[in-house]
Amino acid sequence: MNILLLGSGGRESALAWKMKQSKKCGALFIAPGNGGTPQFGENINLNPLDFEKIKDFSENNQIDLIVCGPELPAVNGIWDYFQSHPTIKVVAPSKIAANLEGSKFFAKQFMEKHQIPTASYIQVDAHNIEIGFEWFEKNQPPFVIKADGLAEGKGVVISDSKEDAKATLESFILNQKFGASSQNVVLEEFLEGIEFSIFVYTNGNEYVMLPNAKDYKRRFEGNIGLNTGGMGCISPVPFVDKALLEKVKNQIIEPTIKGLQKDKMPYFGFIYFGLILTKEGPKVIEYNCRLGDPETQVILPRIHSDIIELFERGFENTLSQYQVEISEDFATTVILASDGYPENYVKGFEIKGMENVNESIVFHAGTKLENNLVFTNGGRVMAITSMANSLNEALEKSYQSINQIHYKGKVFRNDIGFEFL
Ligand code: AMP
Ligand code: GLY
């Protein structure tokens, strides 16, 4: 099977690494890929949002399967685009289903309709902004204020005072802080609890459970500093036991899949449930219509099964008979970033020492390859993944491997997973 993978991050490195291990994998192309993906396939200089060029490339290279890594091609409708090219299968949700990530208001309405536990909310826009101001008067802080559309993970503000909340709402709606993405705003009840993430692969009808994970979003040790795309991750999450998983299945996953069916929203891809364990049980914080980054870098190494077979079974409607084999080992990943990330940083520094890493997998993210040398090319540079039968040992391996890798401005969090040791 010839495959075109869309994306360029650490998630795509892990997807390419995993697909390349499959006997079913023919030619593998990554568009646009990064400095590490040529280990698994051929980087192609194609924009994942340029569907016409993707179609031309796919036809010229006998592509059988397009795997969509990030959310934007899905939100823009890549699955729908290829419906008129039935020889090319696409691993992605349909455009309507991708709204579960692309619009917080859409996701809230979906959860309300299908009785999926989540924070209570109201929706406001320029016409009824006063209702938002009244909501701040009637309720107690903290207030959760969410831009409706995609905002690169920056569209959620948690505000501790009415004044701040009001100013944030004004900046979102009146000053259009995130352009069209913040014309609509969702105001939510603040939920207290511990966060964790659950992943499934679905064809919109059947699903299989994949390993769970917990990521560390804040930049600095002790969960302080700015939010990032994620500075590290562990899998499995130690407090997620069988009983909690059963609740998540019955109260959240199954109603979600049934909701996709009832609302006629085709889905051939991953669902990432961002959850919080509250006193009343698990609730949904957000849906993502893709795998996480860096969650993928701990999820895929724990899956023994063939991922291309998983995709095939999705299309053949034989997912429910499929037993995905998952390792009981712990996987950990620690992100090596560029000093200054998630704000301004300098890139273009040579990265050395990767050949000395024996105990971990190095998944490239913001890197580029030039004359066989690897240079930094982004905020999150690489993810260092390790596996062992204890969390402690896996983390030790990741941190030892990190010492082997050198570049100017190398930074990382040195407390990934420590809360569970
Ligand atoms: P989101 O982009 O929706 O995942 O929100 C980003 C982060 O904000 C989440 O990972 C949570 O830490 C926090 N958050 C979002 N919604 C809530 C909520 N209703 N209550 C408490 N924290 C929240
Ligand atoms: N690590 C969080 C995300 O991928 O959204």
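Every number for a ligand or one of its atoms is a count from 1 in the order of the listing.
Taking a distance limit of 4.0 Å, we find that atom 7 (C) of ligand 1 is approached by no protein heavy atom.
The side-chain tip of Lys162 does not point at the ring of Phe136 from less than 6.0 angstrom away and within 45° of straight on.
At a 3.5 angstrom cut-off on N or O pairs, Phe190 does not count as close to ligand 1.
No donor-acceptor pair under 3.5 Å is formed between the side chain of Asp215 and the backbone N or O of Lys217.
Atom numbering of ligand 1 starts at 1 in the shown order; those under 4.0 Å from a heavy atom of Lys217 are 10 (O). Heavy-atom contacts of Val144 reach the following atoms of ligand 1: 16 (N), 17 (C), 18 (C), 19 (N), 20 (N) (cutoff under 4.0 Å). Listed by atom number, the atoms of ligand 1 under 4.0 Å from Lys146 heavy atoms are 3 (O), 15 (C), 16 (N). Here is the list of ligand 1 atoms found below 4.0 Å of a heavy atom in Glu189: 18 (C), 19 (N), 20 (N). Short contacts between ligand 1 and Lys104, defined as distances under 4.0 Å to a heavy atom of the residue, involve ligand atoms 1 (P), 2 (O), 3 (O).
Within a 6.0 Å sphere centred on CG of Asp241, heavy atoms belonging to other residues, nucleotides or ligands number more than 12. Annotation for His127: atom NE2 does not count as buried by contact number, only 12 or fewer foreign heavy atoms lying within 6.0 Å. Counting heavy atoms of neighbouring residues, nucleotides and ligands inside a 6.0 Å radius, atom CG of Asn344 does not exceed 12 of them. Within a 6.0 Å radius of NZ in Lys20, more than 12 heavy atoms belonging to other residues, nucleotides or ligands are found.
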Report all side-chain donor-acceptor pairs from residues 411-421 shorter than 3.5 Å, counting only partners two or more places apart or in another chain.
from	atom 1	to	atom 2	distance (Å)
Arg413	NE	Phe220	O	3.4
Arg413	NE	Asp415	OD1	2.8
Arg413	NH1	Arg218	O	2.9
Arg413	NH1	Phe220	O	3.3
Arg413	NH1	Asn223	OD1	3.2
Arg413	NH2	Asn223	OD1	2.9
Arg413	NH2	Asp415	OD1	3.1
Arg413	NH2	Asp415	OD2	3.1
Asp415	OD2	Gly222	N	2.8
Glu419	OE2	Tyr216	OH	2.4

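When only non-hydrogen protein atoms are considered, atom 21 (C) of ligand 1 lies nearest to Leu191 O, 3.2 Å. Protein heavy atom in closest approach to atom 17 (C) of ligand 1: Ile285 CD1, 3.7 Å. Among protein heavy atoms, atom 4 (O) of ligand 1 sits closest to Glu286 CD, 2.8 Å. Among all protein heavy atoms, the one lying closest to atom 5 (O) of ligand 1 is Val156 CG2, 3.4 Å. What sits closest to atom 19 (N) of ligand 1 on the protein, heavy atoms only, is Glu188 OE1, 2.7 Å. The single protein non-hydrogen atom nearest to atom 22 (N) of ligand 1 is Ile158 CD1, 3.8 Å, given as residue, atom name and distance.
In the model, Asn205 has a side-chain atom that pairs as donor or acceptor with a side-chain atom of Gln261 under 3.5 Å.
Considering each of Glu195, Arg218, Lys283, the one bringing a non-hydrogen atom nearest atom 10 (O) of ligand 1 is Glu195.
Here the two rings, on Phe199 and Phe270, have centers that are 6.0 Å apart or farther. Not less than 6.0 angstrom separates the ring centroid of Phe375 from the ring centroid of Tyr407.
Residue contacts with ligand 1: Ile276 is excluded, as none of its non-hydrogen atoms falls under 4.0 Å.
Under 4.0 Å is where a charged nitrogen must lie from a carboxylate oxygen, and between Glu309 and Arg313 at least one such pair does.
Near ligand 2, residues Asp215, Gly229, Tyr272, Arg290, Gly292, Asp293, Pro294, Glu295 each place a heavy atom inside the 4.0 Å sphere around the ligand atoms.
Within the 4.5 Å cutoff, the side chain of Glu206 has no heavy atoms near those of the Tyr322 side chain.
Aromatic ring pairs are classed by plane angle as parallel below 30°, tilted from 30° to 60° and perpendicular above 60°; the pair Phe196 and Phe239 is perpendicular.
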